[in-house]
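These notes are about the structure you will find just below.
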Protein chains: 2
Amino acid sequence: MSLAHALLTSLLEQPSSGYQLARRFDKSIGHFWRATHQQIYRELGRMEKAGWIRSEPDPDAGRGRKRSYSVLPAGEAELMRWAGESAPLTELCDEFLVRLRADAVIGPLGLGPELERRRALHADKLRAYHAIEARDFPPGAEGSRQRRIHHLILKAGIQYEAGWIAWYDEALAALALDGPGEGKPQARCADRGR
Amino acid sequence: MSLAHALLTSLLEQPSSGYQLARRFDKSIGHFWRATHQQIYRELGRMEKAGWIRSEPDPDAGRGRKRSYSVLPAGEAELMRWAGESAPLTELCDEFLVRLRADAVIGPLGLGPELERRRALHADKLRAYHAIEARDFPPGAEGSRQRRIHHLILKAGIQYEAGWIAWYDEALAALALDGPGEGKPQARCADRGR
DNA sequence: TCCGACTATGCAACCAGTTGCAGCACTGTA
DNA sequence: TACAGTGCTGCAACTGGTTGCATAGTCGGA
């Protein structure tokens with residue numbers, strides 16, 4: 001598991017509260033790592049107990065029970081240790097491919113619209129990533145090592161989405177060969193007589 | 001969750017025992033959906049209770065306590081229902097990108113060799129996929145709808161691996177700009193004085 | 001005949017992630 | 001002053017996945 005380490009990284013970049021972390025995870029880091037606020041609070045508790053981070057109640061006063069977390073040397077050492085470890089690859093694991101395979105076994109189920117929908121969602125994400133890239137990494141500017149790495153990470157997202165878009169295009173073309181009947185699952189199911 | 005549906009699909013393609021399913025998951029379906037034998041046995045139990053599948057003890061006799069599972073009409077109906085549902089996209093979620101980002105915050109940690117290693121693993125997988133493609137989907141042959149879909153699924157894997165390889169090449173090039181010092185984490189960490 | 005390797009199934013405990021809900025503090029507005 | 005909205009934290013229950021271990025039959029070889 002590495003949610004703790006994702007949080008350490010995020011806190012090093014910017015000490016914040018659990019809530020802020022949760023919101024941040026909807027943006028930058030959240031592009032490639034997900035967590036709910038529940039997970040984050042629980043994990044912050046553990047990390048504090050482990051001596052990796054420390055919290056102080058309410059630094060910029062007034063705002064409720066807010067606690068701000070920051071990384072202790074032990075946490076930084078742990079992050080350094082962990083970052084150097086080698087980890088297995090994240091394997092391709094996509095529910096939709098299972099659906100496609102099911103479609104192959106039990107006859108055309110009219111997945112065309114769903115393919116279109118998914119392609120469009122990927123295209124939305126790609127557009128969003130490109131917008132971030134245009135804003136934060138203008139061409140020509142060299143940038144620090146840190147900026148180069150952040151750009152690299154963004155490019156991983158771009159590459160990922162672009163790859164899927166290309167694949168969905170191919171899939172749509174391949175399934176279009178079935179002809180117009182592909183859009184009518186009921187009729188085809190009846191054909192199979194079950 | 002959709003392990004149950006992956007199992008239904010797999011059982012429709014070929015009725016088999018839990019153990020065989022587990023081994024099959026190391027191959028075809030396992031390229032994009034993972035499951036341990038524990039998960040599979042537990043799930044088969046649930047599915048049988050739900051009336052989606054039925055089991056008979058030891059059809060091709062002699063072999064231990066082996067049970068063979070096959071899909072019932074209710075299971076096929078359920079699979080059909082599920083395959084038509086729309087599901088959220090699988091998002092990019094990669095631990096290594098967190099490590100990279102940690103490297104950006106706490107200075108060069110010498111991730112070069114790990115990048116190389118990961119690139120090589122992706123290349124291995126890509127080679128394996130290409131071998132399967134050459135064997136099962138020779139160019140020129142048209143093939144049935146089912147074969148076209150299976151090819152499509154394989155191509156998703158190929159596209160995925162090829163994308164990562166391209167990205168790792170880019171990453172290696174981008175981090176090489178740091179010069180030879182990048183491979184010596186200790187020295188650089190000391191530089192930072194913590 | 002015993003032993004180790006492999007096929008095959010399963011229990012129990014644990015861990016991570018999700019969901020639903022509740023509570024409290026503050027802010028703006030009616 | 002009351003009330004709705006939102007920032008912020010948290011408990012409790014559940015689900016899915018992992019790990020470690022136990023068992024039992026079968027087969028081939030020393």
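Here is how names work: the chains are called A, B, and so on, in the same order as the sequence lines, proteins then strands, and each is numbered from 1. Just the heavy atoms: all of them, side chains too, but no hydrogens, waters or symmetry mates, feed the values below.
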Separation of atom [atom1] in [X] from atom [atom2] in [N], rounded to whole Å:
{"X": "B/Lys66", "N": "C/dA8", "atom1": "NZ", "atom2": "C1'", "result": "9 Å"}
{"X": "A/Glu91", "N": "D/dG17", "atom1": "CD", "atom2": "P", "result": "15 Å"}
{"X": "B/Tyr69", "N": "C/dA8", "atom1": "OH", "atom2": "P", "result": "13 Å"}
{"X": "A/Ile40", "N": "C/dA16", "atom1": "CD1", "atom2": "P", "result": "15 Å"}
{"X": "A/Glu43", "N": "C/dT18", "atom1": "CD", "atom2": "P", "result": "13 Å"}
{"X": "B/Gln39", "N": "D/dT15", "atom1": "CD", "atom2": "P", "result": "15 Å"}
{"X": "A/Leu7", "N": "C/dG17", "atom1": "CG", "atom2": "P", "result": "11 Å"}

[X] side-chain N/O to [N] phosphate OP1/OP2 under 4.0 Å:
{"X": "A/Tyr41", "N": "D/dT9", "value": "yes"}
{"X": "A/Tyr19", "N": "D/dT9", "value": "no"}
{"X": "B/Ser17", "N": "C/dT7", "value": "no"}

Mapping A/His37 and B/Arg34 onto DNA chain D by nearest heavy atom, which one lands closer to the 5' end?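 It is A/His37 whose nearest nucleotide is closer to the 5' end.
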Connected-component partners of A/Tyr129 among ILVMFWY, side-chain separation under 4.5 Å: A/Leu126, A/Ile132, A/Phe137, A/Leu154, A/Ile158, A/Ile165
Other residues, nucleotides and ligands only: do more than 12 of their heavy atoms fall within 6.0 Å of CZ on A/Arg34?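 Above 12, so yes.
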Test: A/Glu114 and A/Arg117 ion pair at under 4.0 Å: yes
Check this for me, if you would: do A/Arg99 and B/Glu85 make a salt bridge, where the nitrogen-to-carboxylate-oxygen distance has to be below 4.0 angstrom? yes
Could you pick out which residue, B/Gln20 or B/Gln38, lies toward the 5' side of DNA chain C when each is mapped onto its nearest nucleotide?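 First, find each residue's nearest nucleotide; the 5'-ward one identifies B/Gln20.
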Among C/dT9, D/dG16, C/dT19, which is the nearest nucleotide to the side chain of B/Arg46?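 Taking heavy atoms from C-beta onward, the closest nucleotide is D/dG16.
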Any base atoms under 4.0 Å from B/Arg42, or only sugar-phosphate, or nothing? Heavy atoms, all strands.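 Base contact.
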